[in-house]
Every structure is written in C-alpha cells, then in structure tokens.
Amino acid sequence: MTRLRKMMLEELQRRNFSEDTIRRYIRTVENFARHFNRPPDRLGLRHIREYQAHLFQKRKLSSGSVTNHLAALRFFYIQTLKKAWSVAETPYPKKNHHLPAILSQEEVARLIDAAGTPFHRTLLMTLYATGLRRAEVAHLKVHDIDSKRMVIHVRGGKGRKDRDVMLSLKLLEELRQHWRRSRRKTSDWLFPGNRWHTANHPIDAKTVYHASQEAAKRAGLNRVIHPHTLRHCFATHLLEAGADLRTIQILLGHQSLEQTAIYLHLSKRHLSATPSPLDSLQLKDESTQEG
C-alpha cells in the first residue's frame, strides 16, 4: 500500500465512511492518477478539469457519476493532501432530471414469473414487496425477518440508517419456501453468496442486477429494467393505492419529502384526478364553425 493510499484510507475510516464508499473513492483517485500516469499529489486544478471533460466526452458518464468522481477527488485534495479546492473552478455538473420508468402491476407480475431461478424469483419479489435498494436486499440477514411483527428490519441502509418496512404475507410464504430450498441453513445471510448460495458472505449487489435484467428479457419487456425500477414501482403503486407521501418516505428511507414527491408525477391516480384546463373552456362546436 502506497503512502498516499494509506493516508486517504485512514482519513476515510476516521470519518466512518462505508466500505463501499471507501472502495469507490480510492478507486477513483487511482484511475485519475493512472489517466495522467503521474502520482495524484503531483496533479492539480488543470488536470482535474481536463479529467472532468474526459469523463463526459470520452467515457460518456452521467452527471451523477461525474459528481461522484469529483466528490472523491475533492476529499483526496482537501482531507488527505490538505490543499485548497476551488468550487468555482471545478463546479459539480448540473443534474439531468429524468422521470424513472414505471411498470404496471401486470408487467411486474410478468417480470417476477419470468425469473430464471427460484432464487432470482425470491430476490425480485423481495425488491418489489419492500422497496429496498439492491444493496439493502443483498445484505438482509435471516433474523431481519420479523414474522411476529410482520416487518423486515433494514440495518445500515443508505446513510447508515436503520428502518423497518412491511412484510407481506405473500413474501413471508415465499421466504419460507426459499429457506426450505436452502442447501445450507447455518449462514446468517438471507441470500448467501457463491454459485451454490452456501457462503458465509452475502450475494454481490450485481447478482440482484443480473436477476432483474435476465427476467426482463425473458418476460419480453422491451425496456431497461434495473432493481431500482422495482423500488420506483413499489412507491408509485403504493401511492396509487392511497398511501400518503410521508409513509412512503419513511418506507423508502428518504431524507426529505421532496425526494419522495417525484412519485406524484408518476401516479396515475394523481394525474387523472387533475383535470386539464382545456376541459373548462366553452368552445364553439366544430360543425358550427364549418357552417
């Protein structure tokens, strides 16, 4: 381990960053240095700006991904190297605000039924029934399933926050079947890793991603489906069924209600309940105008 890597690692650990964030930040700085073939402490503002343009123009990354890269470099220069950082010279890019794709409940059913394996089917059902992020599903433990209170305990979610979500009867029965199918019942993890799902570590979040991608192809859904798509469907379908925004915010683990309000733009119930101003106009009959 190089001196700079060790210094950055210690700074990240001292601030109690998650393991995923630590790996991502260190990898970002390594890629930055490799791009210019120079140690990162010998690179400056000009190189950062050039690298930012490279991420957009050559690697075609989204504004959110570029922002994550800049956040890692900003941490390295300010906290590790103790150097000044000019926000004016290296501004975070403007975000593109796109409404997420939403599947109908019939399409969600087709997706789940098209799962390639029973293991993948359980993963997809858990995603849709709970609205959990893929990493949160991957890191569920057996004792997180509380059948007495009919809740699932989410431990150390985004922002290292715990929360509870509902446990549906249909999902509980599916999880019991999943448990009976399990080859090894000594693992703490609800979804153990490795090819046979017998490891003492959880599945990788990529497993959840591949499960949704493969099922979407088998179901003939001609659109890009991610695990997060089922999270969006969970929230939108709850809203359409009459759940209030505050409840959905808590279930999703959103910090602010503003994050959850996006689902108002996706809910058919709210859209159809708002009449168009055209409907209130008193227009002349078209046949009268022709005469």
Side-chain angles (χ1 to χ4, degrees), residues 1-98 100 132-139 154-163 193 201-210 226-228 231 252-256 258-259 262:
M1 181 181 293
T2 65
R3 178 183 61 86
L4 287 175
R5 180 189 174 96
K6 185 173 183 295
M7 288 171 57
M8 185 175 182
L9 178 61
E10 290 174 350
E11 290 292 336
L12 289 163
Q13 291 173 335
R14 280 199 313 112
R15 287 165 174 78
N16 201 27
F17 278 56
S18 70
E19 290 299 320
D20 286 342
T21 302
I22 289 174
R23 283 193 295 269
R24 187 172 67 249
Y25 272 33
I26 289 179
R27 183 171 63 247
T28 296
V29 175
E30 288 175 342
N31 291 339
F32 174 61
R34 192 176 298 114
H35 177 76
F36 292 102
N37 197 27
R38 293 172 65 180
D41 57 342
R42 293 176 57 190
L43 300 171
L45 177 62
R46 176 177 63 84
H47 300 96
I48 295 171
R49 295 178 63 177
E50 182 180 328
Y51 190 62
Q52 184 177 0
H54 165 76
L55 294 175
F56 272 123
Q57 297 169 9
K58 301 295 183 181
R59 293 185 56 185
K60 307 296 183 182
L61 297 186
S62 67
S63 58
S65 295
V66 174
T67 296
N68 290 336
H69 279 72
L70 287 177
L73 295 175
R74 183 176 185 271
F75 182 93
F76 175 72
Y77 276 87
I78 294 177
Q79 305 299 341
T80 305
L81 299 182
K82 310 300 180 186
K83 290 185 176 181
W85 177 277
S86 173
V87 175
E89 294 294 334
T90 54
Y92 286 156
K94 291 183 178 180
K95 291 184 178 180
N96 298 320
H97 295 282
H98 299 295
L132 298 188
R133 302 173 178 91
R134 61 176 178 172
E136 292 170 342
V137 167
H139 288 89
V154 183
R155 317 224 182 239
K158 190 173 183 179
R160 296 205 168 186
K161 293 182 179 179
D162 296 350
R163 71 183 190 279
H201 59 79
I203 57 172
D204 190 280
K206 290 181 179 178
T207 302
V208 189
Y209 175 82
H210 291 313
H226 301 286
H228 222 72
R231 177 173 164 87
L252 293 177
H254 283 167
Q255 285 189 329
S256 69
E258 184 180 355
Q259 290 176 276
I262 186 177

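Computed over heavy atoms, backbone and side chain alike; hydrogens, waters and symmetry mates excluded. Here, residue 1 is the first one in the sequence, and each next residue gets the next number.
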Next item on the list: Keeping the roles fixed (side chain from Arg24, backbone from Ala72), state whether a donor-acceptor pair exists under 3.5 Å.
Entry: no
Check: Which word best sums up how the rings of His47 and Phe36 line up, parallel for under 30°, tilted for 30 to 60°, or perpendicular for over 60°?
Finding: perpendicular
Checklist line | Heavy atoms of other groups near Glu30 CD, more than 12 under 6.0 Å | finding: yes
Check: Taking the six-membered ring for Trp, is the centroid-to-centroid distance between Phe75 and Phe17 below 6.0 Å?
Finding: yes
Check: Just wondering, are more than 12 heavy atoms of other shown residues or ligands nearer than 6.0 Å to NZ in Lys82?
Finding: yes
Notebook entry, point to check: Do Asp41 and Arg3 have side-chain heavy atoms sitting under 4.5 Å apart?
Noted result: yes
Notebook entry, point to check: If you round to the nearest 0.5 Å, how far is OG1 of Thr67 from CZ of Arg74?
Noted result: 12.0 Å
Margin query: Can you confirm whether Arg23 sits close enough to Leu12 that some side-chain heavy atom of one is under 4.5 Å from a side-chain heavy atom of the other?
Written below: no
Note to self: Looking at every non-hydrogen atom in both residues, tell me the closest pair between Pro227 and Val208 and how far apart they are.
What the structure shows: CG-O, 3.7 Å
Notebook entry, point to check: Rounded to the nearest 0.5 Å, what separation is found between the CD atom of Gln57 and the CD atom of Gln52?
Noted result: 10.0 Å
Margin query: Can you tell me how far apart CD1 (Ile48) and CG (Leu43) are? Round to the nearest 0.5 Å.
Written below: 8.0 Å
Next item on the list: For Glu10 and Met7, indicate whether the former's side chain and the latter's backbone hold a donor-acceptor pair under 3.5 Å.
Entry: no
Checklist line | Test item: Gln259 and Leu252 side chains (from C-beta on) under 4.5 Å apart, heavy atoms | finding: no
Margin query: Give me the atom names and distance for the closest heavy-atom approach of Tyr25 to Ala71.
Written below: OH-CB, 3.7 Å
Margin query: One thing to verify: whether Glu11 and Arg14 come together as a salt bridge, which I'm taking to mean a side-chain N less than 4.0 angstrom from a carboxylate O.
Written below: yes
Notebook entry, point to check: About how many Å separate OH of Tyr209 and NE2 of His228, when rounded to the nearest 0.5 Å?
Noted result: 14.0 Å
Check: How would you list, by chain and number, every residue that makes a ring pair (Phe, Tyr, Trp, His ring centres under 6.0 Å) with His54, sequence neighbours excluded?
Finding: His35, Tyr51
Margin query: So, taking the atom named NE2 in His139 and the one named CZ in Arg133, what distance separates them when rounded to the nearest 0.5 Å?
Written below: 13.5 Å
Check: Is there a side-chain contact between Leu73 and Val29 (heavy atoms, below 4.5 Å)?
Finding: yes
Item checked: Minimum side-chain heavy-atom gap Pro40-Leu81 below 4.5 Å -> no
Notebook entry, point to check: Between CZ of Phe76 and CZ of Arg5, what distance do you get to the nearest 0.5 Å?
Noted result: 12.0 Å
Next item on the list: Evaluate the side-chain proximity of Ile262 to Pro100: yes if any heavy-atom separation is below 4.5 Å, no if none is.
Entry: yes
Check: Looking at side-chain heavy atoms only, is the closest gap between His69 and Leu61 below 4.5 Å?
Finding: yes
Next item on the list: May I ask you to check whether over 12 heavy atoms, not counting those of Lys161, lie within 6.0 Å of atom NZ?
Entry: no
